[in-house]
Protein chains: 2
Amino acid sequence: MAVTIRDVARATGVHVSTVSRTFSAPNLVSTPTRERVMAVAAELGYRPNRAARALTTGRTHNLGLIVSDIANPFFPPLIKAAQAYAREREYHVFVADTDEDPQAEEELIRTLAKQVDGVVLVAPRLTNQAIERLGLELPFVVVNRRVKGLSAVLMDIGHGTELAVEHLAGLGHRGIALLAGPRGSWSSEQMKSAATEAARRADLRLTVIGPNAPTERGGIAAAAAVRDSGVTAVIAYNDLVAIGLIEGLGELGTEVPGDLSVVGVDDTVAGRLNRPKLTTILMPTPAAGRTAVDLLLQAVDEDGRTAAQATLATDLVVRESTAAAPGTTGA
Amino acid sequence: MAVTIRDVARATGVHVSTVSRTFSAPNLVSTPTRERVMAVAAELGYRPNRAARALTTGRTHNLGLIVSDIANPFFPPLIKAAQAYAREREYHVFVADTDEDPQAEEELIRTLAKQVDGVVLVAPRLTNQAIERLGLELPFVVVNRRVKGLSAVLMDIGHGTELAVEHLAGLGHRGIALLAGPRGSWSSEQMKSAATEAARRADLRLTVIGPNAPTERGGIAAAAAVRDSGVTAVIAYNDLVAIGLIEGLGELGTEVPGDLSVVGVDDTVAGRLNRPKLTTILMPTPAAGRTAVDLLLQAVDEDGRTAAQATLATDLVVRESTAAAPGTTGA
DNA sequence: CAGTAACCTGCAAACGGTTGTAAACAATAC
DNA sequence: GTATTGTTTACAACCGTTTGCAGGTTACTG
């Protein structure tokens, strides 16, 4: 069917091993031979079969990228960047969606294991224990989570949260609420402790509301609690929650940012398109995707014996959903 | 390293071929033997190596899914559905983004070719000729495009466009504009001819503006032309363009839907979140993803000798960006 | 009870590459 | 002129599975 190394060998009049080396270790082949082989290969349209190669080398040159929900706008930029960078490094990537199901996640990883050199896990739903166990069989990089022995890419949401608190304090807000994310979310914990500390420093009252579902629906559901809490500003777990909150608040007659300021997290398209445009903490998702692949390939090269960590900076993007606290002249 | 068929054979005391058949053709193995093998395999944690299997069977059980831009909100639901459905059928999927670059697209397909049984091409940027050529080597399914000899999934945007035109006519609009998509876009052509026909029937004046970039920016850029065209309603190439248009119009002092009605296409999250919420033509992207995979696996089974076509229904979702024409009492 | 048909299982050759080892040859050193 | 070294190529085994073929059992059939 397809043209193999043998066809090239025959057509060139050399042994298959010579053809093989022409591609995998060119310096072991004399220049004239190499050129002849390459010419013939090009003419025949020969492409090495990666799967066959993987059989002997143990390197598939494939990666797995597992996310909980492709349709969540947080992920596509990360996927896009990871995939583009992997391609630069001559890797192909399997993308899979676990639909937030830990069971499916583990099974998926197991069936993928033989076909990839490593896996990037973004916001995994598995327990740390399960991940550590899997980590023994295959290199992993986790994003926004910490697992013993594995490389990790962390977005410094803590710093972003501080910036947001300071921004709100500067606008004259004295009491703010934090809409926490799902139970067990690493980033939600980071936000909580950073917000607590920053609020203390700025002498603000901080109320934590949640856990909340990380969706628009979760934001809508939290609207009443926010209004009743008496705060004048809110930091939501992510943009979707913030958008839902604004919608829910609107139905209760509370205007954003007139009556209440709202800060989102992620800086997704959704936040940019929302009216009012969301003030939000920018998460460097493309950089996270690239870095995760980078760390993973590093781990692959070292046979997963080292665990590196990268922390990526976040920033605050001020747009229209935050304003001076009611009854204040502003910053 | 990992446990192979040989380990299982040794531990069970049978030949490797028996173990192989236990998994790939269980009915050729006696019940007691089969059970023994399965027990041992389970205990050892044996998992067949798909890559090795692919070498002899010629079936990798992998699929490729190629899109122009993962970050465009039109794609994620399609990717999600395709991937989920493929998994049900025991296929893994490589997802790749071409960044709208035809060159990269072709190269990508070529390197992927040996590792997949077929490829789904969504809105490919390649010429028909190039695709047809590639189609000789590998089964393909194209989405929203027609290529001779290849299976296709088409979303009936024509019907959705008719619905939109009728909806606008019902609201009392007498002159409408169509913001066309990029040159050579199949769906833009469909929209154009459907809109022309529907406008004729409803006795409306139709102005085609474009081509336009399929992005928010494209919409913003078209705002002035739309205002100057004197129409009272617009059907935009997609939600992003519609959103950009609304923004651009706003800056020119034209209110939507008060002064002018806007209809988008795709029904992405972006449209749902936009203020005003977009009236839009719903594209069945999840169904398209599933159907594409279905058709592809069909083509794979038949060795790509047949080309099936599936047409998926679209619908009009009426929300807030359309209203009665100025100076009318409405429907 | 021989003949025959199922049914199971083992053998060995693929699939498309890689790679350690050895053979062939040329060049250099003495 | 031989010994040594280095370079280039060929040979063959191997990676983990599948599969056509053949041999061995068992169970029918008449």
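All of these numbers come straight from a predicted model, not from anything done at the bench.
Bending across the helix from C/dC1-D/dG30 to C/dC30-D/dG1, expressed as the angle between its end axes from five pairs apiece, amounts to 50° (10° rounding).
Ion pair B/E90/B/R53 not flagged as a salt bridge, since none of the NZ, NE, NH1 or NH2 atoms sits closer than 4.0 Å to an Asp/Glu carboxylate oxygen.
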All N/O pairs under 3.5 Å across the protein-nucleotides 20-28 of chain C interface:
from: C/dG20; atom 1: O6; to: A/R21; atom 2: NH2; distance (Å): 3.0

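Within residues 46-57 of chain A, the residues that have a heavy atom under 4.0 Å from DNA chain D are, in order of number, A/L55, A/T56.
Counted within 6.0 Å of CD on B/Q309, heavy atoms from surrounding residues, nucleotides or ligands total more than 12; the atom is thus considered enclosed.
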Just do the side chain to side chain contact (heavy atoms under 4.5 Å, CB included) check on B/T98 and B/L108 with the steps written out, would you?
CA-CA 8 Å; B/T98 63; B/L108 181 58; 4.2 Å; yes
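Across all strands, A/S20 comes closer than 4.0 Å to base atoms (heavy-atom distances). In this structure, A/V19 reaches neither bases nor backbone, as no heavy-atom distance under 4.0 Å exists between it and the strands shown.
Remark on DNA chain D: of its neighbouring residues A/T18 and B/S24, the 5'-side contact belongs to A/T18, judged by nearest-heavy-atom nucleotide.
In this model, a donor atom of one side chain and an acceptor atom of the other lie less than 3.5 Å apart for A/D294 and A/Y85.
Remark: B/T33 OG1 to B/M38 CE distance equals 12.0 Å, nearest 0.5 Å.
Using cut-offs of 30° and 60° on the angle between ring planes, the pair B/H92 and A/F94 is perpendicular.
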